[in-house]
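Bear in mind the structure is a predicted one, so any value in this text is a computation, not a measurement.
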Amino acid sequence: MEIVILDAFSANPGDLSWEPLRQLGNLTIYDRTAATETVSRAKDADIILTNKVVLRKPELDQLPRLRYIGVLATGYNVVDTAECHRRGIVVTNVPAYSTDSVAQMVFAHLLTVTNHVEHYAKQNRERRWSENPDFCYWDTPLTEIAGKTFGIVGLGNIGRKVAAIAQTFGLSVLAVTSKAANQLPAGVTKATLSDMLSQSDIVSLHCPLTPDTQQMINADTLRLMKPSAILINTGRGPLIDEQAVADALHNGQLYAYCADVTAQEPPAADCPLLDCDNAYLTPHVAWATREARIRLLDIAIGNVAAFVGGTPRNMV
């Protein structure tokens, strides 16, 4: 059984082990694979693991031995699943491995905006506090979030976790979700998108990227939001219109934008958000805690083992 990992580095830069996968076949590991290298590297593979390397019809046409694709992520839009199903190629993903880590990042971003811990820590390494005439100082707004309204788009695993944490902070939670009102967690109120945007002090995006959700946050929907609102996106970059968000930040129409994702990754040097003082961007690392990556590898390797054993799981 020939197993090829096309882009292993992001999930495992060397601090974890692929050894259990070696027990299942002849393993070849590539840290990164350019699009032009995909077919040559995978042409003899029975099993491919990919994170962001694209496997669509042009590639599949040239991979006659391929029987299994394991996506090293929850999202699997890099694979043409319809074409795989037509060919009898099993495709699996890794669900729910990063729920706690991504929810944690949502509140790391929120508290960055409301408490500015890194700002003050940096200043005080430069002796700003030591030189202060009073016992304390602040040169940013400091905001208490208890009692405010937290809006969530999408109540999957991560959305529900975020809602639970928000409630512990004393926030009221509104949710835009396809679930019926009587299916929502206690204390979470179902709302329309327009009502949620107009009422929320904080909005967090946790829905999948679909034609209906692409650029759901745009010039029109931003006008519904409070100028004091904080928008958080740990879902998918294209859920927002980046130029419209940048304009809203520059114009004082939106207080802050926090994101772990951009429409293009890495972002282009001219990405409009990079020049916004109130845009707080992290490099798609919410999922990348060591604990989450251990779960990722355990589930992904377990998926391969289940396929080899004739009982595939986590199929998409």
Novice: Does atom CD of Glu144 have more than 12 heavy-atom neighbours, drawn from other residues, nucleotides or ligands, at distances under 6.0 Å?
Specialist: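 At most 12 heavy atoms, drawn from other residues, nucleotides or ligands, come within 6.0 Å of this atom.
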Novice: Any sub-3.5 Å donor-acceptor pair from Arg65's side-chain atoms to Leu63's backbone N or O?
Specialist: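 No, because the side chain of Arg65 does not come within donor-acceptor range (under 3.5 Å) of the backbone of Leu63.
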Novice: Looking at Arg127 and Glu131, does any basic side-chain N land under 4.0 Å from a carboxylate oxygen?
Specialist: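 Salt bridge flag = no for Glu131 with Arg127.
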Novice: Going by atom types alone, do Arg313 and Asn303 pair a side-chain donor with an acceptor below 3.5 Å?
Specialist: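 Side-chain D/A pair, Arg313 to Asn303: present.
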Novice: Measuring from Asn157:CG to Thr74:OG1, what's the distance to the nearest 0.5 Å?
Specialist: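 Atom-to-atom, Asn157:CG and Thr74:OG1 are 8.5 Å apart.
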Novice: Answer yes or no: are there more than 12 heavy-atom neighbours, outside Glu126 itself, under 6.0 Å from its atom CD?
Specialist: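 More than 12 within 6.0 Å, yes.
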Novice: In the single-linkage hydrophobic clustering (I, L, V, M, F, W, Y; side-chain heavy atoms under 4.5 Å), do Leu205 and Val261 co-cluster?
Specialist: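 Unlinked, Leu205 and Val261 end up in two clusters.
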Novice: Inspect the contact between Asp260 and Arg236 and indicate whether a charged nitrogen and a carboxylate oxygen are less than 4.0 angstrom apart.
Specialist: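 No.
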Novice: Nearest 0.5 Å, please: how far is CG in Leu224 from CE in Met196?
Specialist: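 Reported to 0.5 Å precision, the distance equals 10.0 Å.
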Novice: How about His119 and Thr140: does a side-chain donor come under 3.5 Å of a side-chain acceptor?
Specialist: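 Result is no, nothing qualifies.
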Novice: Enter the distance from Thr99:OG1 to Trp287:CH2 here, rounded to the nearest 0.5 Å.
Specialist: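 Those atoms lie 14.5 Å apart.
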Novice: Is the backbone N or O of Tyr120 less than 3.5 Å from a side-chain atom of Asn124, with the two atoms forming a donor-acceptor pair by type?
Specialist: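 Yes.
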Novice: Is the number of heavy atoms from other residues, nucleotides or ligands within 6.0 Å of OH (Tyr76) greater than 12?
Specialist: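 At most 12 heavy atoms, drawn from other residues, nucleotides or ligands, come within 6.0 Å of this atom.
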Novice: Is the backbone of Pro58 close enough, under 3.5 Å, to the side chain of Gln62 for a donor and an acceptor to pair up by distance?
Specialist: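 At least one qualifying donor-acceptor pair exists.
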Novice: Is the backbone N or O of Met315 less than 3.5 Å from a side-chain atom of Thr92, with the two atoms forming a donor-acceptor pair by type?
Specialist: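 No, the answer is negative, given that no donor and acceptor are paired below the 3.5 Å cut-off.
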Novice: Between Asp195 and Ala191, is there a donor-acceptor pair closer than 3.5 Å when you use the side chain of the first and the backbone of the second?
Specialist: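 Judged by distance alone, no pair lies under 3.5 Å.
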Novice: Is it true that the side chains of Gln123 and Tyr137 contain a donor and an acceptor less than 3.5 Å apart?
Specialist: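 Side-chain D/A pair, Gln123 to Tyr137: present.
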Novice: So, Gln243 versus Asp247: side-chain donor-acceptor pair below 3.5 Å or not?
Specialist: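 There is such a pair (donor and acceptor under 3.5 Å, judged by atom type) between the side chains of Gln243 and Asp247.
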Novice: Do any N or O atoms from the side chain of Thr221 and from the backbone of Asn218 form a donor-acceptor pair under 3.5 angstrom?
Specialist: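 Yes, Thr221 side chain to Asn218 backbone: donor-acceptor pair under 3.5 Å.
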Novice: Find out whether Leu110 and Phe150 are in side-chain contact, i.e. whether some heavy atom of one side chain is under 4.5 Å from a heavy atom of the other.
Specialist: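 Side-chain contact under 4.5 Å: yes.
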Novice: So, Glu83 and Arg87, do they make that salt bridge, N to O below 4.0 Å?
Specialist: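 A salt bridge is present here (some side-chain N lies under 4.0 Å from a carboxylate O).
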Novice: Please, which pairs that meet ring pair (Phe, Tyr, Trp, His ring centres under 6.0 Å) have at least one residue in residues 199-249, sequence neighbours excluded?
Specialist: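 Listed by first then second residue: nothing to list.
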Novice: Keeping Lys226 on the side-chain end and Gln199 on the backbone end, is there a donor-acceptor pair under 3.5 Å?
Specialist: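 Side chain of Lys226 to backbone of Gln199: a pair is present.
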Novice: Less than 6.0 angstrom from the centroid, inside 45 degrees of the normal: does Arg32 satisfy that with respect to the ring of Phe9?
Specialist: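 Yes; both conditions hold, so Arg32 lies above the ring face of Phe9.
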Novice: Can you tell me how far NZ of Lys190 sits from CD of Gln183, rounded to the nearest 0.5 angstrom?
Specialist: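 The distance works out to 8.5 Å.
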Novice: Is Gln23 reaching over with its side chain to a backbone N or O of Pro20, donor-acceptor style, under 3.5 angstrom?
Specialist: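 Flag not set: sc Gln23 to bb Pro20 has no pair under 3.5 Å.
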Novice: Minimum heavy-atom separation for Gln264 and Thr262, please, with both atom names.
Specialist: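 The answer is O-OG1, 2.6 Å.
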Novice: Would you check if there is a donor-acceptor pair between the side chains of Thr114 and Thr143 at a distance under 3.5 Å?
Specialist: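 No, no side-chain donor-acceptor pair sits under 3.5 Å.
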Novice: Tell me yes or no: between the side chains of Asn233 and Tyr257, is some donor less than 3.5 Å from an acceptor?
Specialist: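 The answer is yes; a qualifying pair exists.
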Novice: Taking Ser101 for its side chain and Ser98 for its backbone only, find out whether a donor-acceptor pair lies under 3.5 Å.
Specialist: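 Between the backbone of Ser98 and the side chain of Ser101 there is no qualifying donor-acceptor contact (under 3.5 Å).
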Novice: Count the heavy atoms belonging to other residues, nucleotides or ligands that lie under 6.0 Å from NZ of Lys161, then report whether that count exceeds 12.
Specialist: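 Incorrect, the count does not exceed 12.
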Novice: Salt-bridged, Lys52 to Asp7, with N to O below 4.0 Å?
Specialist: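 Salt bridge flag = no for Asp7 with Lys52.
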